[in-house]
Amino acid sequence: VGTKILFGLSAIRNLGEGAIRQLLESRHSGGSFSSLGDLCDRIPGQQLNRRALEALIHSGALDALEPSGNRAQLMADLDLVLDWASSRARDRASGQGNLLDLLGGSSDAGSDGEGAASAATNAPKAAPVRDYPSQEKLRLEKELVGFYLSDHPLKQLAKPVQLLSPLALAALEEQADKAKVSAVVMVSELRQVTTRKGDRMAVLQLEDLSGSCEAVVFPKSYARLADHLIVDARLLLWASVDRRDERVQLIVDDCRSIDDLQLLMVDLPADQAADIAIQHRLRECLHRHKPAHDDGAAGARVPVVALVRDAGQLRYVRLGPQFCVDNPAAAVETLSSAAFQARVSSPLLAA
């Protein structure tokens, strides 16, 4: 509808048809719900139970009922509000009016939307709490509706993605067979496979903001990387393009969680960045700390980014995967002794 997308309540897990019917009928007869207290007061608990209310809160369906859409606050309030609404329902059933309602001039706040909304201003609230972290909100959305609604976990990494990942999955078809690529992705599905020799490997479904693809992690790599390979993990991965049977997939060589990834940042004035001798000295320093891939362990693999400064302008240049280092602190010492300015940083801070 216009610039809005209408999303049916029936798609939310733990929300039955009866509860949905009661929500729609109450909203039609009494108007929009003004607060969590208004909602719980107008619809009896046996028709809209706690589990259904939790699903509505965590899916974002009740964001408008709390200033700034604080879902953690709604959850903190929920038990208090349910007890309050249950008490009011018992009073109405026994013909007794709530004292606060009588003082406020509402004899039966649950009989119509206006009275209920007025009475709901008396609903209790818990102490203020911080909202859930963005990742937790998105995890709960996906758990309840099957996909992300309010955002995408990789959107928050838009600048780091541009810095670290030249490949968008939508462009995978354009890559040559055996090409070495890197990408920032999410693991949307993971299937473990046991080979005939009894070794474990994995088949992944990966996605980014542009598309999705399948990836394979063979046993030797899986032994090193298993701790990073978790559904919903945000990864920077290095892989090879594999073309077969008219389809394209990735063979994963290495990966790191983007959430705790480090970068080695090297400051370079533009004239030094163009100097062949300085480029050679930088290469020699970095190669001293080149990761070993045959040690059977998931050692560090830290990307290197040059910050090229020219006439007050700053440009980020990500060096190729062959320049990654395994010990960034030691690499900083080596670079400093060679007259380079270097530091270790997070991609979120660097971008």
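Only heavy atoms go into these numbers, but all of them, side chains included; no hydrogens, no water, no symmetry mates.
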| request: Please test Val185 against Leu237 for side-chain contact (heavy atoms from CB on, under 4.5 Å), starting from the C-alpha separation and ending with a verdict. | output: CA-CA 8 Å; Val185 299; Leu237 62 81; 3.5 Å; yes
| field | Derivation of the side-chain contact (heavy atoms from CB on, under 4.5 Å) call for Leu9 and Leu56 | value | CA-CA 9 Å; Leu9 292 174; Leu56 288 169; 4.1 Å; yes
| After noting the C-alpha distance and the side-chain angles of Gln322 and His287, does the key distance pass the side chain to side chain donor-acceptor pair (under 3.5 Å) rule? | CA-CA 9 Å; Gln322 68 272 28; His287 277 180; over 6 Å; no
| task | Could you go through the salt bridge (charged side-chain N to carboxylate O under 4.0 Å, His left out) check for Glu173 and Arg247 one step at a time? | result | CA-CA 8 Å; Glu173 290 282 351; Arg247 67 173 184 168; over 6 Å; no
| Taking it one step at a time, do Asp77 and Glu66 satisfy side-chain contact (heavy atoms from CB on, under 4.5 Å)? | CA-CA 10 Å; Asp77 295 342; Glu66 171 66 27; 4.3 Å; yes
| task | Show the numbers, then the answer: is there a side chain to side chain donor-acceptor pair (under 3.5 Å) between Ser182 and Arg318? | result | CA-CA 11 Å; Ser182 63; Arg318 175 187 171 276; 3.2 Å; yes
| side-chain contact (heavy atoms from CB on, under 4.5 Å) evaluation trace for Ile230 with Val187 | CA-CA 7 Å; Ile230 304 169; Val187 180; over 6 Å; no
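The cluster map of Ile, Leu, Val, Met, Phe, Trp and Tyr, joined by side-chain heavy atoms under 4.5 Å apart, puts Tyr222 and Phe218 in different clusters. Placement of Trp238 and Met186 within a single hydrophobic cluster is found when ILVMFWY residues are connected by side-chain heavy-atom separations under 4.5 Å, directly or transitively. Side-chain heavy atoms closer than 4.5 Å link hydrophobic residues (I, L, V, M, F, W, Y) into clusters, and following such links, even through other members, never connects Met201 to Leu229. Hydrophobic cluster membership differs between Leu190 and Val203, with clusters built from Ile, Leu, Val, Met, Phe, Trp and Tyr side chains linked at under 4.5 angstrom. Met75 and Ile43 fall within a single hydrophobic cluster, where Ile, Leu, Val, Met, Phe, Trp and Tyr are joined by side-chain heavy atoms under 4.5 Å apart, directly or via other members.
Ion pairing of Glu214 with Arg191 is absent here, as no side-chain N (NZ or NE/NH1/NH2) approaches a carboxylate O to less than 4.0 Å. Salt bridge Asp310/Arg315: absent, no basic N to carboxylate O contact under 4.0 Å. A salt bridge does not link Asp177 with Arg244: every distance from a Lys NZ or Arg NE/NH1/NH2 to an Asp or Glu carboxylate oxygen is 4.0 Å or more. In this structure, Asp151 does not pair ionically with Lys137, as no charged nitrogen and carboxylate oxygen lie closer than 4.0 Å. Ionic pairing of Asp267 and Arg309 is present here: one or more N-O contacts between side-chain nitrogen and carboxylate oxygen are shorter than 4.0 angstrom. The pair Arg71-Asp63 counts as a salt bridge, with a side-chain nitrogen and a carboxylate oxygen less than 4.0 angstrom apart. Taking a cutoff of 4.0 Å between a charged side-chain nitrogen and a carboxylate oxygen, Glu333 and Arg288 do not qualify as a salt bridge.
Separating the SG atom in Cys213 from the CG atom in Leu172 is a distance of 5.5 Å, to the nearest 0.5 Å. Taking CG of Leu206 as the reference point, atom CG of Leu235 lies at 8.0 Å (rounded to 0.5 Å). The line from CD of Gln175 to CZ of Arg243 is 8.0 Å long, rounded to the nearest 0.5 Å. With rounding to the nearest 0.5 Å, the separation of NZ in Lys220 from CG in Leu225 is 12.0 Å. Distance OG/Ser10 to CG/Leu15: 8.5 Å, rounded to 0.5 Å. Distance CG/Asp242 to CD/Gln249: 4.5 Å, rounded to 0.5 Å.
Gln73 places a side-chain N or O within donor-acceptor distance of the main-chain N or O of Val129, the cut-off being under 3.5 Å. Checked by atom type and distance alone, the side chain of Arg200 never pairs as donor or acceptor with a backbone atom of Gln192 at under 3.5 Å. With hydrogens and angles disregarded, a donor-acceptor distance shorter than 3.5 Å links the side chain of Ser210 to the backbone of Leu169. In this structure, Asp41 contributes its side chain and Ala85 its backbone to no donor-acceptor pair below 3.5 Å. Judged by distance alone, the side chain of Glu141 and the main-chain N or O of Leu149 form a donor-acceptor pair under 3.5 Å. Judged purely by atom type and a 3.5 angstrom limit, Asp38 uses its side chain to pair as donor or acceptor with the backbone of Ser34. A donor-acceptor pair under 3.5 Å is absent between the side-chain atoms of Ser86 and the main chain of Leu82, judged by distance alone. Put simply, the side chain of Thr334 gets close to the backbone of Ala330: a donor and an acceptor are under 3.5 Å apart. Ser336 contributes a side-chain N or O that, together with a main-chain N or O of Val332, makes up a donor-acceptor pair within less than 3.5 Å. Under a 3.5 Å cut-off, the side chain of Ser87 and the backbone N or O of Trp84 do not form any donor-acceptor pair.
Between Asp326 and Arg301 the shortest side-chain heavy-atom distance does not fall below 4.5 Å. In this structure, Cys324 and Val302 have side chains that are not in contact, with every pair of non-hydrogen atoms separated by 4.5 Å or more. Here the side chains of Val305 and Leu319 are not in contact, with every heavy-atom distance at 4.5 Å or above. By the 4.5 Å heavy-atom criterion applied to side chains, Leu53 and Cys40 are counted as neighbours. A 4.5 Å side-chain heavy-atom check between Arg139 and Glu136 finds at least one atom pair inside the cut-off. Side-chain contact between Val184 and Asp208 is absent, with no heavy atoms from C-beta onward closer than 4.5 Å. The shortest side-chain heavy-atom distance between Leu268 and Phe340 falls under the 4.5 Å cut-off. No side-chain heavy atom of Ser257 sits less than 4.5 Å from a side-chain heavy atom of Arg234.
The aromatic rings of Tyr132 and His58 lie tilted to each other, with the angle between the two planes from 30° to 60°.
Annotation for Leu74 and Leu62: closest pair CD1-O, 3.5 Å, computed over non-hydrogen atoms. Taking each heavy atom of Asp199 and Pro219 in turn, the nearest pair found is CB-CB, 3.7 Å. When all heavy atoms are compared, the tightest approach of Leu335 to Ala342 is CD1-CB, 3.7 Å. Residues Ala72 and Arg130 come closest through the heavy atom pair CB-O, 3.1 Å. Scanning all heavy atoms of the two residues, the minimum distance from Gly37 to Val81 falls at CA-CG1, 3.6 Å.
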For residues 277-286, dump all side-chain donor-acceptor pairs below 3.5 Å to protein atoms at least two apart in sequence or in another chain.
{"residue": "Gln279", "atom": "NE2", "partner": "Ala273", "partner atom": "O", "Å": "2.8"}
{"residue": "Arg281", "atom": "NE", "partner": "Ala338", "partner atom": "O", "Å": "3.2"}
{"residue": "Arg281", "atom": "NH2", "partner": "Ala338", "partner atom": "O", "Å": "3.4"}

Name every donor-acceptor pair, under 3.5 Å, that has one atom in a side chain of residues 17-24 and the other anywhere in the protein, sequence neighbours excluded.
none

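Remark: the Ser59 side chain and the Arg13 side chain contain no N/O donor-acceptor pair separated by less than 3.5 Å. A donor atom on one side chain and an acceptor atom on the other are found under 3.5 Å apart for Ser240 and Asp253. With 3.5 Å as the limit, one finds no donor-acceptor pair spanning the side chains of Ser345 and Gln262.
Within a 6.0 Å radius of CZ in Arg27, no more than 12 heavy atoms belonging to other residues, nucleotides or ligands are found. Counted within 6.0 Å of NZ on Lys125, heavy atoms from surrounding residues, nucleotides or ligands total more than 12; the atom is thus considered enclosed.
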